[in-house]
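Note sheet for the following structure.
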Amino acid sequence: MRGQEIISRLRTGWMGREIRVLDEADSTNLRVKTAAGEGASAGLVILAEQQTDGRGRRGRAWQSPAGENIYMTVLLRPDFEPDKAPMLTLLAACAAARAVYQPGEKCPQIKWPNDLVMDGKKICGILTEMGMKGGSTEYVIVGIGINCNQTEFPEEIRQKATSLKCEYGHEVCREEIVARFLQEFESLYEEFARRKSLEFIQDEYETLLVNEGKRVCVLEPGKEWTGVAAGITETGELIVKKDSGEICEISSGEVSVRGVYGYV
Ligand code: BTN
């Protein structure tokens with residue numbers, strides 16, 4: 001990954017204006033967290049060619065082989081309350097969907113809240129973490145992993161993971177995708193900072209939502225139930241209609257969702 005190739009394509013105002021491309025990192029989220037503690041400015045982006053301790057949601061590992069994919073973390077310093085931070089993850093998913101889309105190719109979909117999938121397999125995961133100081137948000141870091149040109153996957157994720165190259169049938173330019181992501185994310189973030197709601201992106205998100213109108217299995221601590229997904233609220237909860245007709249709004253921190261027959 002060439003930093004100059006990203007910079008020459010960047011059209012952002014502040015996001016990615018400071019960009020560090022590392023040959024290797026334990027985790028770009030960890031690196032940005034450290035930089036945030038040292039006073040780095042909002043918009044800092046750290047990328048790595050490979051990660052030795054890539055992290056996923058719910059304490060899982062994120063496999064991060066060298067030279068094929070995007071492993072990137074963005075530092076934000078929002079002035080809104082900590083409870084709004086999870087919404088940034090949904091914004092990042094929309095930005096990633098826009099960034100990887102290529103006219104004439106398959107369209108990515110979103111598995112709520114923030115996985116990008118193609119043909120039912122995952123191409124992108126997002127891990128958002130927050131630092132607090134005295135009850136307010138000190139920083140939010142948004143880490144994104146996009147499977148770009150990888151074609152071989154370890155046995156344990158082969159059924160669930162794919163890449164843009166596998167789906168499009170040709171290599172993609174990682175620098176171009178990074179630059180497009182930063183541009184889309186900056187503009188969505190600024191709009192969100194003005195409105196403090198996801199209403200402006202609800203239609204687009206629901207159009208991309210792979211779960212929309214489908215039966216989903218909601219995994220709550222200690223119990224499991226099914227219902228039909230019916231969009232998101234303006235604060236990012238998934239709306240699920242139970243068979244009894246009851247409408248539930250579920251938030252990503254508490255539960256996870258999968259299709260009744262598998263991952264989506
Ligand atoms: C998930 O779907 O579980 C989230 C995966 C997030 C992976 C990215 S890769 C860049 C950044 N650094 C990490 O250690 N994790 C995120």
Side-chain angles (χ1 to χ4, degrees), residues 1 3 6 15-16 19-36 40 44-76 85-86 88-97 99-100 108-118 120-131 139-150 153-154 156-157 159-164 174-175 177-178 181-182 185 208-211 219 236 238 252-253 255-259 262-264:
M1 177 103 54
I6 300 170
M15 199 177 280
I19 197 157
R20 302 180 198 163
V21 183
L22 310 175
D23 287 338
E24 183 184 295
D26 38 9
S27 151
T28 55
N29 272 28
L30 284 178
R31 296 299 181 101
V32 170
K33 226 179 270 179
T34 304
L44 168 71
V45 172
I46 297 185
L47 291 123
E49 278 292 356
Q50 64 176 316
Q51 298 184 117
T52 52
D53 186 20
R55 288 154 183 227
R57 294 177 69 219
R58 302 181 190 284
R60 296 192 195 107
W62 184 258
Q63 313 248 8
S64 310
E68 298 174 317
N69 299 326
I70 294 170
Y71 315 113
M72 157 173 74
T73 303
V74 183
L75 173 62
L76 302 168
L88 297 177
T89 304
L90 280 79
L91 285 185
C94 278
V100 303
Q109 291 183 293
I110 298 174
K111 175 181 177 283
W112 180 87
N114 56 13
D115 289 351
L116 282 197
V117 298
M118 270 187 195
K121 290 182 170 184
K122 184 158 164 171
I123 51 164
C124 165
I126 299 172
L127 178 64
T128 301
E129 300 180 83
M130 182 169 50
Y139 61 81
V140 174
I141 63 174
V142 182
I144 301 117
I146 305 177
N147 297 338
C148 292
N149 294 320
Q150 183 174 359
F153 293 91
E156 64 275 18
I157 57 169
Q159 298 305 316
K160 273 183 27 179
T162 187
S163 70
L164 296 171
R174 291 181 295 158
E175 291 86 352
I177 292 172
V178 169
F181 172 81
L182 293 173
F185 192 37
L208 296 174
L209 188 62
V210 70
N211 315 97
L219 310 167
L238 185 70
S252 57
V255 298
S256 66
V257 158
R258 57 173 167 74
Y263 169 61
V264 291

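Owing to the predicted nature of the structure, the values given are computational and were not obtained by experimental measurement. Position 1 is the first residue of the sequence, and the numbers go up from there. Order of appearance sets the numbers: ligands from 1, and atoms from 1 within every ligand.
Within the 4.5 Å cutoff, the side chain of I70 has heavy atoms near those of the I177 side chain. With a 4.5 Å cut-off on side-chain heavy atoms, I141 and T128 do not count as touching.
Residue W62 has no N or O atom closer than 3.5 Å to an N or O atom of ligand 1.
Shown in contact with G56 at under 4.0 Å from a heavy atom are these atoms of ligand 1, numbered in order with element: 1 (C), 3 (O), 4 (C), 5 (C). Residue T28 has at least one heavy-atom neighbour below 4.0 Å for each of these atoms of ligand 1: 10 (C), 11 (C), 12 (N). Atoms of ligand 1 found under 4.0 Å from any heavy atom of D115, numbered from 1 in the order shown, are 2 (O). Short contacts between ligand 1 and T73, defined as distances under 4.0 Å to a heavy atom of the residue, involve ligand atoms 11 (C). Less than 4.0 angstrom separates some heavy atom of M72 from each of these atoms of ligand 1: 10 (C). Within the listing of ligand 1, atoms 14 (O) sit less than 4.0 angstrom from a heavy atom of G54. Remark: ligand 1 atoms within the under-4.0 Å shell around heavy atoms of R55 are 5 (C), 6 (C), 7 (C), 13 (C), 14 (O), 15 (N), 16 (C).
Side-chain contact annotation: E156 with Q63, donor-acceptor N/O pair under 3.5 Å present. A donor and an acceptor atom, one from each side chain of N29 and E129, are located under 3.5 Å apart.
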When you look at I126 and R57, which way does the side-chain contact (heavy atoms from CB on, under 4.5 Å) test go after all the steps? CA-CA 8 Å; I126 299 172; R57 294 177 69 219; over 6 Å; no
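Contact annotation for K122 and ligand 1: only side-chain heavy atoms (C-beta onward) come within less than 4.0 Å of the ligand.
In terms of protein heavy-atom proximity, atom 12 (N) of ligand 1 is nearest to Q51 OE1, 2.9 Å. Given atom 3 (O) of ligand 1, the protein heavy atom at minimum distance is R57 N, 2.7 Å.
Rounded to the nearest 0.5 angstrom, K121 NZ and F153 CZ are separated by 8.0 Å.
A25 and A48 get closest at one heavy-atom pair: CB-CB, 3.8 Å. Scanning all heavy atoms of the two residues, the minimum distance from I146 to C124 falls at CG1-SG, 3.9 Å.
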